[in-house]
**Student:** 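Sharing a structure below in structure tokens format, with a few things to ask.
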Amino acid sequence: MQLPQVSIVVPLYNEEETFPFLVERLNKLMDESNISLEVVMVNDGSRDRTPELMLANALNDERYHCVFLSRNFGHQLALTAGLSVARGTEALMCIDGDLQDPPELLTEFYRIYKEGSDVVYAIRKNRKEGRVLKFMQHSYYRLVQRISNIEMQLDSGDFALLSRRMVDVMNKMPEESRYLRGMRSWVGFKQTGYEYNRPERIAGNTKYSVAMMFRIAFNGIFNFSEIPIRFISNLGIVTILIALGYFVYTLFKKFVLDIPVVEGFTGLMFTIILFSGVQLLSLGIIGEYVLRIFFQVKQRPLFVIKNRIVNKEIIEH
Ligand code: UDP
Ligand code: MG
């Protein structure tokens, strides 16, 4: 059997309402496209009729490749599962099952990929969410951008086309709390953004609770940044400086300005502030070691090679 050029990976969690629309759009795309395609559907432990619908559809159409997870693992892990089994030889595209990520953009993404980008990611031009959520998401992306050690792509979700070599590297990153869009930035290569208007969910309700949104937001910060731990050390140093400043100020008051100071009180304040600072700094130092352990246990590859030149020949990796 010939392997498809591109796999479309779709995680599904309780999507029985959207399923018929999804299949209709995907079938149309596959019928009309001149790229050979497969669809990898991942059932993320749905409690509705999604798995039955997937089964019936896949038994009828060999272009559908289905994965059934044993329970609900969450969107990021469902996508990871899909990426690990997808057979696309050239590229893989991640989309949501609710048609908020129009599959038809594949044609355009594939064209940009062919021009030499390893990642073509979608940038949401208009967000349809409420004002507060929009503001939070906007600020969040900018915060992560500022504090993380990698270049984050603003206003972009997991909707993207990834080259085969990109996915091969991501599959070799065994970290447990996954933040795929961060991982894809971490891997590097050439990444191109593509602006689009994000439509509303076609049917059903969002499967992301606010708690899940926060969890994934924290993953974005803590998996890619040591700033929170460094912050403790810095706080400790600042506190110690304040204690010393207080000490100097008291001496100044007593000997230069000749203002009487309350002896016991000053000593007590000085000691409390100083040792609060020392404790914070100590925590920060322990944190530095934890940080190193943390990044080591992730077992990420140390580097990713793009290509090499050997004997006057360019070898792509
Ligand atoms: N999803 C999943 N597992 C989950 C939650 C969501 O596989 O635990 C899927 C869901 O079926 C959809 C995609 O992830 O295909 C995005 O979810 P949703 O549209 O609910 O998120 P939103 O667009 O509201 O952020
Ligand atoms: Mg959605």
Side-chain angles (χ1 to χ4, degrees), residues 7-26 29 39-55 57-58 64-86 92-106 121-138 140-141 144 153-160 162 176-182 196-220:
S7 303
I8 301 176
V9 182
V10 200
L12 297 173
Y13 178 57
N14 297 344
E15 298 285 5
E16 61 182 7
E17 288 125 316
T18 65
F19 194 86
F21 301 105
L22 176 67
V23 168
E24 193 190 306
R25 291 269 290 273
L26 288 172
L29 173 69
V39 173
V40 180
M41 288 185 163
V42 184
N43 172 42
D44 187 14
S46 301
R47 287 165 211 278
D48 64 357
R49 288 177 46 249
T50 307
E52 286 108 87
L53 296 172
M54 283 169 61
L55 183 70
N57 180 57
Y64 286 83
H65 173 173
C66 290
V67 184
F68 299 89
L69 300 183
S70 57
R71 62 170 171 86
N72 179 252
F73 282 91
H75 176 230
Q76 297 288 300
L77 294 181
L79 257 182
T80 305
L83 290 176
S84 73
V85 299
L92 298 88
M93 183 159 90
C94 306
I95 63 169
D96 282 356
D98 57 0
L99 295 172
Q100 284 196 289
D101 307 336
E104 295 75 21
L105 283 180
L106 174 85
Y121 61 94
I123 303 172
R124 300 165 186 175
K125 218 163 33 179
N126 66 324
R127 282 178 170 273
K128 283 271 162 63
E129 288 91 358
R131 276 235 191 107
V132 179
L133 196 61
K134 217 153 130 176
F135 173 75
M136 277 169 64
Q137 286 171 332
H138 183 89
Y140 168 74
Y141 280 117
V144 174
Q153 294 147 358
L154 299 179
D155 298 316
S156 116
D158 293 313
F159 180 24
L162 312 169
E176 178 259 359
S177 57
R178 296 178 93 75
Y179 183 68
L180 292 169
R181 59 201 89 148
Y196 82 117
N197 285 318
R198 186 161 216 238
E200 304 217 29
R201 176 176 254 284
I202 201 150
N205 296 320
T206 177
K207 306 296 180 293
Y208 255 95
S209 62
V210 174
M212 280 161 75
M213 215 140 45
F214 270 103
R215 193 167 347 130
I216 186 167
F218 280 132
N219 282 353

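Note that ligands are numbered from 1 as they come in the structure, with each ligand's atoms numbered from 1 the same way.
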**Student:** Looking at Phe73, is Arg71 sitting on its ring face, NZ or CZ under 6.0 Å from the six-membered ring centre and within 45 degrees of the normal?
**Tutor:** yes
**Student:** Only heavy atoms of Glu15, strictly under 4.0 Å: list the atoms of ligand 1 that pass.
**Tutor:**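 Near Glu15, the atoms of ligand 1 are 10 (C), 11 (O), 12 (C), 15 (O).
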**Student:** Could you tell me whether some N/O pair between Gly97 and ligand 1 is separated by less than 3.5 angstrom?
**Tutor:** yes
**Student:** Provide the protein N, O or S atoms situated under 2.8 Å from the Mg ion (ligand 2); waters are not included.
**Tutor:** Asp98 OD2, Gln100 OE1
**Student:** Within the structure provided, determine whether Leu69 and Asn43 are in side-chain contact (heavy-atom separation under 4.5 Å).
**Tutor:**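 They are not in contact (no side-chain heavy atoms under 4.5 Å apart), so the answer is no.
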**Student:** Show the numbers, then the answer: is there a side chain to side chain donor-acceptor pair (under 3.5 Å) between Glu17 and Asn205?
**Tutor:** CA-CA 9 Å; Glu17 288 125 316; Asn205 296 320; over 6 Å; no
**Student:** Counting heavy atoms only, which of Met213, Glu200, Lys207 is nearest atom 6 (C) of ligand 1?
**Tutor:** Lys207
**Student:** Checking contacts here: is it the side chain or the backbone of Thr206 that comes within 4.0 Å of ligand 1, counting heavy atoms only? Could be both or neither.
**Tutor:**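 It is both backbone and side chain that touch ligand 1.
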**Student:** Taking only residues two or more places apart in sequence or in another chain, which ones pass side chain to side chain contact (heavy atoms under 4.5 Å, CB included) with Glu16?
**Tutor:**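 Once residues adjacent in sequence are excluded, the partners of Glu16 under the side chain to side chain contact (heavy atoms under 4.5 Å, CB included) criterion are Asp48, Arg49, Thr50, Leu53.
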**Student:** Should Asn205 be counted as touching ligand 1, given the test is an N or O pair under 3.5 Å?
**Tutor:** no
**Student:** Taking 4.0 angstrom as the limit and counting only heavy atoms of Pro11, give me the atoms of ligand 1 inside it, by number and element.
**Tutor:** 7 (O), 9 (C), 10 (C), 11 (O), 12 (C), 15 (O)
**Student:** Can you name the closest pair of heavy atoms from Ala217 and Tyr140 and give their distance?
**Tutor:** O-OH, 2.7 Å
**Student:** Could you tell me whether Asp96 and Arg198 make a salt bridge, using a distance below 4.0 angstrom between a side-chain N and a carboxylate O?
**Tutor:**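 Answer for the salt bridge query: yes.
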**Student:** Do Arg201 and Thr18 have side chains that get closer than 4.5 Å, going by heavy atoms?
**Tutor:** yes
**Student:** Output the list of atoms in ligand 1 that are nearer than 4.0 Å to some heavy atom of Tyr208, sorted by atom number.
**Tutor:**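 So the answer, numbered in order with elements, is 17 (O), 20 (O), 21 (O), 25 (O).
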**Student:** Is any NZ, NE, NH1 or NH2 atom of the basic residue among Asp98 and Lys207 found under 4.0 Å from an Asp or Glu carboxylate oxygen of the other?
**Tutor:** no
**Student:** State whether the shortest distance between N or O atoms of Ala78 and N or O atoms of ligand 1 falls below 3.5 angstrom.
**Tutor:** no
**Student:** If you measure from each non-hydrogen atom of Asn72 to ligand 1, which part falls under 4.0 Å: side chain, backbone, both or neither?
**Tutor:**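 The side chain, only.
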**Student:** Between Ile95 and Ile8, does the side-chain contact (heavy atoms from CB on, under 4.5 Å) criterion hold? Intermediate values first, please.
**Tutor:** CA-CA 7 Å; Ile95 63 169; Ile8 301 176; 3.7 Å; yes
**Student:** Assess the pair Tyr13 and His75: is the distance between their ring centroids shorter than 6.0 Å?
**Tutor:**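 Between His75 and Tyr13, which both carry aromatic rings, the centre distance is not below 6.0 Å.
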